[in-house]
Each structure stands twice: as C-alpha cells, then as structure tokens.
Number of protein chains: 2
Amino acid sequence: MDETTPPEDSHSQITSAHRELLDQVLDKWSLLVLDRLCEGPRRFNGLRRSIPGVAQKSLTASLRRLERNGMVERVVIHTRPVAVEYRISALGRTLQDLIDALLLWTTTHMTEVDNARNRFDAALDT
Amino acid sequence: MDETTPPEDSHSQITSAHRELLDQVLDKWSLLVLDRLCEGPRRFNGLRRSIPGVAQKSLTASLRRLERNGMVERVVIHTRPVAVEYRISALGRTLQDLIDALLLWTTTHMTEVDNARNRFDAALDT
DNA sequence: CGGGATCCTGCACGATACTG
DNA sequence: CAGTATCGTGCAGGATCCCG
C-alpha cells in the first residue's frame, strides 16, 4: 500500500456531489445569509443592509439557491408595496451549529493566521 | 428596534476579515486538501490523484495559500528527483473536526437537499 | 419594497507545454 | 517528481437602470 493508493476510510469518497453541495451552501455569501437568518426572519433589504458589501444581484442569487436547496423559505406578504420575508428552514437549522463553529473558529484563530501570513510573506524576501 | 437595525449579538460583526479568511480555507479545493492531509502526510502527485478533477495549477495554488495561512507545512526532501511532502499543521488540525462535521453533514442531508431541489424545480413548471 | 434585465470586468480554473 | 509559465475561457459578482 504505497502513498498513491491511500487508505479509503469512511468519507474519503466525498468528492463531486458533496463538494458541489458545499459549494452551494458555503459560497461567498450564503454562509453569512444563513447566519443572519438563524437570528430570525428577515426581509430582503434588511438582510442586505446586515451584510455589508453584498450586491443586490448576488444576494438574490444566494437566496434563490438557498431556497432551492431547501435551506430557507421565502414568504410573500401581499401588502402594498409587497413585503418578502425570508426564514430559515428546518434543514437550514441543521447547519446552524456548524456555521457558528465556523465563524467562531475564524475569530479564535485569526491572529494565528495573521502571524503565519506575516512569517510566510517575510520569508519571501530572504 | 425595527428590522433595519438588527440586534448585534456576539458575532454579528463577522464580515470582511472573517469572510475573507473562510474564503481562503473553505475554497473550492482547500477543504478537500485539508481533509486528505488529516489522514497523514501526502506528496504532491499522491494528493493530486486523491482529489479527482483538480488541476495541477489549482492544487498548487491551494497548497500555497494553505501554507501561507499556516494550515499546512511543506517539507522538501532532497532526493533525486526531489520529493515534497505536505503535512497538516497544528493550526490546521484545529479545523479537522469542523471539516469532518461539514463533510458528514453533506452525506447526511444529501437526500433531503435533493428532494428540496426537485420540489423547487417542479414548482417552476406550474 | 423586492427584485429582474443588462452590461462589464476580473479572476478562478482548466489545458498544455516546459524545466531543475 | 514537483512544480513554473502561458494562454484561453466561463462565469461569479459588481454597477446601473427599470418595473410591478
């Protein structure tokens, strides 16, 4: 068993389909959208304002994709003008802990990463 | 407290820097690379073969970025021809559980997501 | 208010060829 | 073996305008 044929333990087969799914859920904005929606239902522009830097088009795309994947629900409220509420679904909730853990990880290890970056960049001048 | 000024609980401020960090670590290939390296040290081409579909250029870029962020270590072994071994760092290990959980989540909820997708797509024909 | 339609640009990523 | 260099392309994602 050389190193070109690695041991295939439980989840080593995870590649195409699983990666594609993660791409849909953990893409540039989706993770932040889900995080916001975990706090409670939000409407489009409120959501938009709570995520600085997101373009309207990108947010729309992100929401559509999350809706398609069953992570969020889109509720249209027929007032004038129309209101649309987005809320996280049960399936979406199953990701909440992971998202929290992920975001927590960034805050916890941000400085270590910064140090590593500085070391790496400094080593290039050698 | 209207919905335009959301409650800012503990991690609501996570945006630019944190999102950028997650982008570097959870990008298209990095997550899979880290997953493979958690199983043990790997060499370039072995790693490549264990991740179907990755282009050599992309793998190089991914490894460089992970190295810069202190997630993996690059060890050059001066033989003929050269061998280069990649191994996960201590900092990288702190992500292992999250990665496992993430990959596990995809396997667990893949069918639910598929159902949601079918429902969504079917609703478009209405 | 909540988007859809367009235009535009960068860069992420793949393919191919070459090197110490 | 482990890359670097170069080229080509799609498409993600921003900016802008418009509509029910």
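Atom set for the values below is all heavy atoms of this structure, side chains included, hydrogens, waters and symmetry mates excluded. In the text below, chain A, chain B and the rest are named by the order of the sequence lines, each starting its count at 1. Small disclaimer: the values here were computed from a predicted structure and weren't measured.
Shown here for B/L66 and B/Q24, the closest heavy-atom pair between the two residues is CD2-O, 4.4 Å. Scanning both residues, A/C38 and A/I88, for their nearest heavy atoms gives SG-CD1, 3.4 Å. Across all non-hydrogen atoms, the minimal contact from A/W105 to B/T94 is NE1-OG1, 2.9 Å.
Hydrophobic clustering, with ILVMFWY side chains joined whenever heavy atoms are under 4.5 angstrom apart, keeps B/M110 apart from B/F120.
In this structure, A/R48 reaches neither bases nor backbone, as no heavy-atom distance under 4.0 Å exists between it and the strands shown.
By the 4.0 Å N-to-carboxylate-O rule, A/R117 lies close enough to B/E20 to be salt-bridged with it. Ion pairing between a basic and an acidic side chain is recognised when a charged N comes within 4.0 Å of a carboxylate O; B/D121 and A/R68 show such pairing.
Seen from the ring of A/W29, A/R65 does not count as a face-on cation partner, given the 6.0 Å and 45° thresholds.
Contacts between residues 73-82 of chain B and DNA chain C, defined by a heavy-atom separation under 4.0 Å, are absent.
Taking atom CZ of B/F44 as the reference point, atom P of D/dG3 lies 6 Å away to the nearest angstrom. Atom CG in A/L47 sits about 10 Å away from atom P in C/dG2, given to the nearest Å. In this structure, CZ of A/R42 is placed 14 Å from P of C/dC1, rounded to the nearest angstrom. If you measure from atom CG of B/L124 to atom P of C/dG4, you get 12 Å, rounded to the nearest angstrom. The distance from atom CG of A/L59 to atom P of D/dT16 is 18 Å, rounded to the nearest whole Å. D/dG13 atom P lies 11 Å from atom CG of A/D23, rounded to whole Å.
The closest donor-acceptor contact from the side chain of B/S89 to the backbone of B/E73 lies at 3.5 Å or more, if one exists at all. Listed for the A/T60 side chain is a donor-acceptor partner under 3.5 Å among the backbone atoms of A/Q56.
At the phosphate of C/dG3, OP1 or OP2 sits under 4.0 Å from a side-chain N or O atom of A/Y86. For C/dC1, the OP1/OP2 oxygens have no side-chain nitrogen or oxygen of A/R43 closer than 4.0 Å.
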Along nucleotides 9-15 of chain C, 5' to 3', which nucleotides get a B, which get an S, and which get a -, given that the test is a protein heavy-atom distance under 4.0 Å? ----BBB
Determine, step by step, whether B/D27 and B/S30 satisfy the side chain to side chain donor-acceptor pair (under 3.5 Å) criterion, reporting the C-alpha distance in whole Å, the side-chain angles of both residues, the deciding distance to 0.1 Å, and the verdict. CA-CA 6 Å; B/D27 77 352; B/S30 296; 2.6 Å; yes
Steps toward side-chain contact (heavy atoms from CB on, under 4.5 Å) verdict (A/V84, A/R43): CA-CA 6 Å; A/V84 177; A/R43 291 178 32 201; over 6 Å; no
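Recorded end-axis angle for the helix from C/dC1-D/dG20 to C/dG20-D/dC1 stands at 50°, based on five pairs per end and rounded to 10 degrees.
Taking only side-chain atoms of B/T60, from C-beta outward, the nucleotide of C/dG3, C/dC1, D/dG3 with the closest atom is D/dG3.
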